[in-house]
Q: 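Have a look at the structure that comes next, please.
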Amino acid sequence: MMHTIRRSWLRRTGVAGLTAAVSLAGATSASAADRVNVMPDRQVRPGVSLPVFGSADGGVGLANGQGYEWIFTPNADVNIADDGNLNGVIANDRFIVENVTFTLLNGSTREIVTATLRVNGDAGTQKSVQIDIVATNDPISNTQLENLAVNVNIAIANGLRAMYLSQVTTAGPAFGSWNHVLVNNQPYNCGTTAFTIWAFANSGHRPTNSVNNDIYAEWVQRSVDWVLAQAFIRVPPVAGAAFAANLTVTPDGNGNNRALSLCGNDGLHDMGYASPTAAAALVAAYSANPNLVRTSAPFNGESYRTIVQDAVDWISASQEDIGFSQRGGWRYTFDDGADTSADSWNYVALEGFEAVFGGTVLEDVKREAERRIDDSQAEAPSPSATGQFGYTGSNPIFGVGSGGNATTAGGLSGLVMISRGGRTGFHLDPGGSLTSAVFPSVASRKAAAVNMLGTYYHVAGNTWTGNIPNFYAMWTSARALRLNGTSQLTNQGTTFNWESGEATSAPGVVAPPGDPQEGYFAYLTRTQNANGQWLFTVNSPYWSQPLNTAWGVLILQPRVFPPPCEDSDNDGVCDFFPNGDPQDNCRFVANPNQADSDGDGIGDACDDSQALVCDVDNDNDVDNTDILLIRQKNGQMAPPGDPFDPNGDGRINIADQRFCALRRTPADQ
Amino acid sequence: MKMNKAVCIVALALLVGAGSVTRAEAIPVVSLSGIPAIWIIGDSFKVDVVVTGLDEATGGVNIDLTFDDTTLTGTGYGFGAIAFNTPVDLVNGLDLSTGFAGTTVNLNWTSFELQAVLTAAQGPFPSGPVTLATVNFDATASGANGFGFQTVDLSNNDGTALLPVCIAGQPCPVPEPGTLALFGAALAAFGVRRLRRS
């Protein structure tokens with residue numbers, strides 16, 4: 001998790017009040033907003049314009065026309081430059097935005113400012129977001145690796161915002177989806193939507209999160225609804241019959257005599273890519289609660305486990321049954337041959353189903369996949385190719401030495417899938433029919449694939465070959481390497497961390513831009529647009545800006561699937577219950593005992609109320625200095641929780657002085 | 001002419017209700033006293049900040065008083081002994097005034113006393129005139145008038161809210177619509193009784 005937020009940041013070195021607080025907007029409407037959301041807490045660099053945004057009443061137009069205001073906590077060490085829209089009338093209740101640039105003052109290197117969005121002047125309809133302003137010379141950011149970590153947090157936050165803003169929100173059949181842009185059709189749009197759901201879920205914004213606490217949650221839910229509305233229902237083929245010729249068990253894991261092509265009719269070209277991605281996205285989105293039952297159409301009354309099982313049934317049935325080199329793989333449509341690119345999307349869906357949902361992939365499917373892996377991995381005893389995966393055959397795409405990183409990584413994810421849980425390869429491990437002197441085991445195949453990903457790491461990407469800046473190759477590599485537990489590669493004699501670009505020979509040093517071993521994180525954080533998007537990086541009709549943005553966020557997250565239990569502070573207590581209700585009473589500060597001595601639902605470890613009220617200078621007593629500091633803010637408005645407004649009436653004035661005069665600690669009386 | 005009963009009731013309610021807006025019943029009034037009609041160079045005088053009609057205690061004040069600095073020089077200030085107990089010093093309160101600056105003198109006092117200062121000094125409520133603060137002036141030229149308030153904030157005793165106050169000679173805050181409606185309704189009911197009696 002990006003950072004720990006506690007009230008201790010309120011310690012200030014000066015007292016001169018700087019405020020952007022304003023009076024309430026005059027506009028009103030007949031009915032006040034019931035719900036306000038704000039963007040998630042985040043980090044930002046000083047001097048960089050940040051859109052601070054929120055929504056009202058779910059952002060579907062109901063709150064348009066009402067008045068709003070943004071209130072920023074005064075902080076003597078921060079100059080808050082706004083764009084003049086601190087208050088007004090809501091024109092777009094999905095994105096009530098104020099562009100702000102923070103500048104740190106008085107030598108401060110890190111401050112946190114609270115921004116509060118109020119709608120319709122109703123103090124009860126408001127929410128606050130904490131913005132962590134971090135300079136590059138702050139102790140949490142003053143090494144190259146720390147600096148990169150902060151940049152990653154910022155890039156993810158910006159990417160999520162860009163995805164949120166690019167969702168189709170106009171009424172109609174596309175409502176809730178993301179458009180691929182370059183190929184505007186059902187499978188491409190469904191695939192784009194699925195990857196975006198996945199990116200949100202991997203960043204902690206699950207569709208099951210409370211809509212009161214997560215501005216993105218209900219929009220991710222809408223996108224899930226959209227994907228499921230595309231689903232095409234089939235009857236699973238009987239084992240041994242056409243389309244299941246090599247299966248000894250009918251692919252119907254839950255016995256409901258149904259299989260699902262999630263993104264639409266599997267007869268449509270390219271659905272063989274999109275549908276398994278949708279299955280993987282559902283695994284990511286519901287990793288904490290696969291048994292959650294839907295309460296609305298489509299699939300009302302069915303659990304996500306049932307839906308994903310049916311999708312896996314379809315994946316199992318659509319595996320290619322025949323052919324010399326393509327048996328056991330997947331391609332554009334149902335039983336349509338194989339290419340390693342399509343294989344990869346199916347491998348990962350199956351991996352997620354087993355590893356995260358606890359499901360079972362048919363042994364027959366894994367055995368068949370072994371055939372495909374053997375046929376697609378280059379075995380030629382050549383140091384420039386051995387271990388690479390080809391596209392439809394074993395030759396690395398477009399010739400040996402070109403560096404088919406996407407296909408090689410795709411094949412690696414297949415090797416991980418078939419060996420998950422310590423499974424021994426039926427064909428590929430010793431004793432199997434497909435071992436060789438070059439590849440005597442699954443482990444040797446994995447090592448060879450990893451070696452090739454390192455060897456060709458520096459090759460510039462284009463549509464199908466190379467690496468950076470081909471986001472498809474990067475995302476496929478990132479997920480395969482993570483699934484395989486590989487953090488380092490070797491390229492041109494240098495062993496380095498492929499995320500950061502830190503070489504083992506130069507600890508703490510991040511490879512510079514354009515370096516052959518530049519890490520994915522460094523590349524992504526320096527190439528993201530200010531609006532959070534990553535643009536079209538290679539001249540290809542397939543890898544569009546919306547896909548790149550979702551993949552960018554996915555690459556920047558350290559995992560392929562979110563864990564069943566999100567535990568931001570690693571204290572062994574999940575952040576949320578499976579239904580989305582808060583569980584950890586102090587999410588960002590480890591408190592395994594969950595102590596809550598005052599019973600207010602906020603753990604002692606981060607309960608501001610445990611702090612001394614009126615001790616605004618944080619010196620553990622309440623004395624005349626505290627009253628003086630409050631007095632110096634007389635006349636200012638205060639957002640909820642502002643310690644300078646101890647009586648909590650939203651204004652700092654003589655009443656707060658009196659309030660604290662009655663609470664001076666005995667030693668100071 | 002015989003007046004329709006309903007019209008009479010509404011008119012009565014509106015008339016009296018409207019009057020309540022400017023009469024500011026039950027809202028304490030802050031005023032100045034001791035201002036000479038005119039002053040000439042060499043005069044010295046003091047001006048008291050006085051509140052009347054307090055119906056609960058105050059635990060602190062923050063006042064910005066304005067004056068004509070082309071004819072007057074502020075020479076000192078103090079807080080009312082009755083209002084804030086005697087002696088007024090750091091033992092029982094905190095003076096955080098910023099004092100004289102141009103045409104303004106800021107008077108900021110917070111009591112340390114647990115019990116409301118005016119409860120002990122003045123009760124029962126509503127109180128008569130209570131001096132909150134006194135400001136001393138020397139005249140540097142002939143002059144008259146020119147005093148006013150920029151800020152008049154009085155805390156209640158426990159520091160949870162400001163007390164509503166009016167400034168003498170200025171319109172009082174308009175009561176909340178809900179309060180006004182209730183007030184009007186009560187008056188309307190009163191009017192009905194009067195009409196029935198007649």
Side-chain angles (χ1 to χ4, degrees), chain A residues 15-17 19 23-24 26 28 30 32 120-124 609 612-617 621-638 640-669, chain B residues 28 30 49 51 54 56-65 79 83-85 88-99 101 104-119 132-133 149-165 173 176-177:
Chain A
V15 293
T19 179
S23 59
L24 295 179
T28 58
N120 213 23
D122 180 355
S609 66
L612 209 51
V613 173
C614 293
D615 179 22
V616 295
D617 62 1
D621 67 5
V622 178
D623 56 16
N624 292 352
T625 303
D626 296 300
I627 300 172
L628 172 65
L629 293 173
I630 292 171
R631 186 262 179 277
Q632 290 179 306
K633 293 179 181 294
N634 262 3
Q636 295 181 4
M637 293 180 65
D642 189 333
F644 287 81
D645 178 30
N647 66 11
D649 65 355
R651 310 273 169 175
I652 303 173
N653 52 37
I654 187 69
D656 298 297
Q657 292 177 230
R658 170 63 174 164
F659 192 89
C660 294
L662 295 172
R663 288 164 174 77
R664 290 180 306 152
T665 47
D668 296 302
Q669 291 180 4
Chain B
V30 176
V49 181
V51 59
L54 275 176
E56 62 180 292
T58 181
V61 295
N62 182 53
I63 294 170
D64 288 317
L65 174 67
F79 292 91
F84 297 107
N85 300 326
V88 178
D89 57 25
L90 290 179
V91 174
N92 59 9
L94 186 60
D95 179 2
L96 292 177
S97 305
T98 56
T104 304
V105 55
N106 172 257
L107 307 163
N108 184 295
W109 176 266
T110 311
S111 172
F112 288 157
E113 301 292 335
L114 293 179
Q115 177 58 3
V117 289
L118 283 172
T119 303
L132 296 171
F149 289 108
Q150 275 190 343
T151 306
V152 181
D153 285 344
L154 272 66
S155 171
N156 67 3
N157 183 54
D158 60 12
T160 55
L162 295 181
L163 295 176
V165 295
E176 290 292 317

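Throughout, protein chains are lettered first and strands after them, A, B, ... in sequence-line order, and every chain is numbered starting at 1.
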Q: Ignoring hydrogens, what is the shortest heavy-atom contact between S155(B) and A655(A)? Give both atom names and the distance.
A: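 Heavy atoms of S155(B) and A655(A) come nearest at OG-CA, 3.3 Å.
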
Q: Any side-chain donor-acceptor pair under 3.5 Å between Q657(A) and N62(B)?
A: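 Judged by distance alone, the side chains do not pair up.
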
Q: With distance as the sole test, does N647(A) use its side chain to make a donor-acceptor pair with the main-chain N or O of G159(B) at under 3.5 Å?
A: yes

Q: Can you tell me how far OG of S111(B) sits from CG of L662(A), rounded to the nearest 0.5 angstrom?
A: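 Atom-to-atom, L662(A):CG and S111(B):OG are 7.5 Å apart.
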
Q: Can you tell which part of T98(B) gets under 4.5 Å to a heavy atom of chain A, answering side chain, backbone, both or neither?
A: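 Looking at T98(B), backbone and side chain both touch chain A.
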
Q: Under a 4.5 Å heavy-atom cutoff, which of D153(B), L162(B), L163(B) has the most pairs with chain A?
A: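 Greatest number of close heavy-atom pairs with chain A: L162(B).
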
Q: Carefully, step by step, assess I654(A) and N108(B) under the rule side-chain contact (heavy atoms from CB on, under 4.5 Å).
A: CA-CA 8 Å; I654(A) 187 69; N108(B) 184 295; 3.9 Å; yes

Q: So among I630(A), I627(A), N634(A), which one has a side chain to side chain contact (heavy atoms under 4.5 Å, CB included) with L96(B)?
A: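 Of I630(A), I627(A), N634(A), side chain to side chain contact (heavy atoms under 4.5 Å, CB included) with L96(B) is met by I627(A) alone.
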
Q: Looking at OG1 of T110(B) and CZ of F659(A), how far apart are the two atoms once the value is rounded to the nearest 0.5 Å?
A: 13.5 Å

Q: Does any heavy atom of chain A fall under 4.5 Å from the side chain of N106(B), the backbone, both, or neither of them?
A: side chain

Q: Okay, side chain of R658(A), backbone of D158(B): is any donor-acceptor separation there less than 3.5 Å?
A: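 No, the answer is negative, given that no donor and acceptor are paired below the 3.5 Å cut-off.
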
